[in-house]
Amino acid sequence: METLKSVTPGELAELKTTISEAEKRTSGEIRVFIEDHSEDGPLDRAAYIFEKIGMKKTSLNNGVLIYVALKDRKFSIIGDSGIHAKVGSAFWDAIKEKMTGHFKEGRIFEGLKTAVRDSGEALATYFPYTSGDRDELSNDVIYGEPKV
Ligand code: CA
Ligand code: CA
């Protein structure tokens, strides 16, 4: 099996742009968190990080977190109660399936980009952009923050 390569600084910057583009169409907030390894399962870890980085504080509860542990080859995607109530589990499963396809081929960056875009689509449908919207959570990708 092909080894997963890390995500390059250029790719991180492009992911940020992809998030910014997606958020132009929605009030929702998308974040990407990448680290090498975690002892926890990807879903537990994502839920922990979600809270830790303040993603529960969006006014419409419409934050979406895409989480990846590169060396563990694990990822998950979770949304806050507002967006989850609209899209349900099937939506997350569909995104996960797409991501799995990319990741299996070692296309981490493409997988993440697709997940950001698809999350953006869903958010735009249920939480359209309104004038005066604030960027409640930074669009910077968080990579390898060991303290969280
Ligand atoms: Ca916003
Ligand atoms: Ca944002």
Side-chain angles (χ1 to χ4, degrees), residues 4-36 38 40-70 72-145 148:
L4 298 186
K5 65 174 169 70
S6 296
V7 183
T8 67
E11 289 173 336
L12 291 178
E14 201 176 324
L15 275 175
K16 180 182 179 177
T17 306
T18 308
I19 292 170
S20 304
E21 288 298 317
E23 288 189 6
K24 276 183 190 160
R25 299 175 49 224
T26 175
S27 61
E29 297 290 331
I30 302 169
R31 293 217 79 173
V32 176
F33 187 104
I34 305 170
E35 64 186 348
D36 284 342
S38 171
D40 301 329
L43 209 54
D44 285 349
R45 182 69 176 153
Y48 173 78
I49 289 166
F50 197 93
E51 187 141 12
K52 194 86 182 168
I53 63 176
M55 292 194 64
K56 282 196 188 265
K57 291 177 190 153
T58 57
S59 56
L60 296 173
N61 300 315
N62 55 4
V64 171
L65 174 67
I66 299 158
Y67 168 79
V68 186
L70 287 174
D72 304 337
R73 299 163 184 249
K74 285 177 185 161
F75 66 86
S76 61
I77 176 168
I78 55 170
D80 208 348
S81 51
I83 183 72
H84 190 70
K86 301 285 186 187
V87 297
S89 311
F91 174 74
W92 307 117
D93 290 344
I95 292 189
K96 271 184 237 165
E97 215 164 284
K98 270 199 203 174
M99 283 174 80
T100 304
H102 282 296
F103 280 29
K104 268 189 184 159
E105 307 288 324
R107 295 189 302 264
I108 306 302
F109 172 61
E110 285 79 1
L112 286 171
K113 225 161 100 166
T114 305
V116 169
R117 285 213 194 98
D118 288 1
S119 302
E121 290 288 317
L123 285 168
T125 303
Y126 299 107
F127 298 94
Y129 184 87
T130 51
S131 62
D133 179 76
R134 288 193 308 121
D135 186 24
E136 294 175 285
L137 301 169
S138 163
N139 300 341
D140 283 327
V141 174
I142 304 171
Y143 187 15
E145 192 94 353
V148 175

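The figures here come from the full heavy-atom set of this structure, side chains too, leaving out hydrogens, waters and symmetry mates.
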Considering all heavy atoms of both residues, which atom of [X] and which atom of [Y] are nearest to each other, and what is their separation?
X   : Y    : value
V64 : S119 : CG1-OG, 3.8 Å
I30 : A22  : CD1-CB, 3.9 Å
G79 : H84  : O-CB, 4.2 Å
T58 : G63  : OG1-N, 3.8 Å

Taking E29 for the side chain and L137 for the main chain, is one N or O donor matched with an acceptor at less than 3.5 Å?
yes
Would a distance-only check, ignoring hydrogens and angles, find a side-chain to backbone donor-acceptor pair under 3.5 Å from E110 to H102?
no
Not counting sequence neighbours, which residues clear side chain to side chain donor-acceptor pair (under 3.5 Å) with [X]? List them please.
X    : result
S27  : N62
K56  : none
N139 : S20

Only counting residues at least two apart or in another chain, list the ones meeting salt bridge (Lys or Arg N to Asp or Glu O under 4.0 Å) with [X].
X    : value
D140 : K16
E21  : K24
D93  : K96

Distance, nearest 0.5 Å, that separates [atom1] of [X] from [atom2] of [Y]:
X   : Y    : atom1 : atom2 : result
I95 : T100 : CD1   : OG1   : 11.5 Å
K52 : I142 : NZ    : CD1   : 12.5 Å
Y48 : D40  : OH    : CG    : 9.0 Å
R31 : L15  : CZ    : CG    : 12.5 Å
D36 : L70  : CG    : CG    : 5.5 Å

Side-chain touch [X]/[Y], heavy atoms, less than 4.5 angstrom:
X    : Y   : answer
F91  : I77 : no
D80  : M55 : no
L112 : I34 : yes

Pairs satisfying side chain to side chain donor-acceptor pair (under 3.5 Å), at least one member in residues 122-134, at least two apart
none
Only counting residues at least two apart or in another chain, list the ones meeting side-chain contact (heavy atoms from CB on, under 4.5 Å) with A46.
L65, Y67, S76, I78
If the condition is side-chain contact (heavy atoms from CB on, under 4.5 Å), which residues does T26 pass it with, not counting sequence neighbours?
L123, A124, F127
Salt bridge (charged side-chain N to carboxylate O under 4.0 Å, His left out) pairs, two or more places apart, involving residues 82-92
none
Pairs satisfying salt bridge (charged side-chain N to carboxylate O under 4.0 Å, His left out), at least one member in residues 113-129, at least two apart
E14-K113, R25-E121, K98-D118
Please identify each residue that fulfils ring pair (Phe, Tyr, Trp, His ring centres under 6.0 Å) with F75, with sequence neighbours left out.
F103
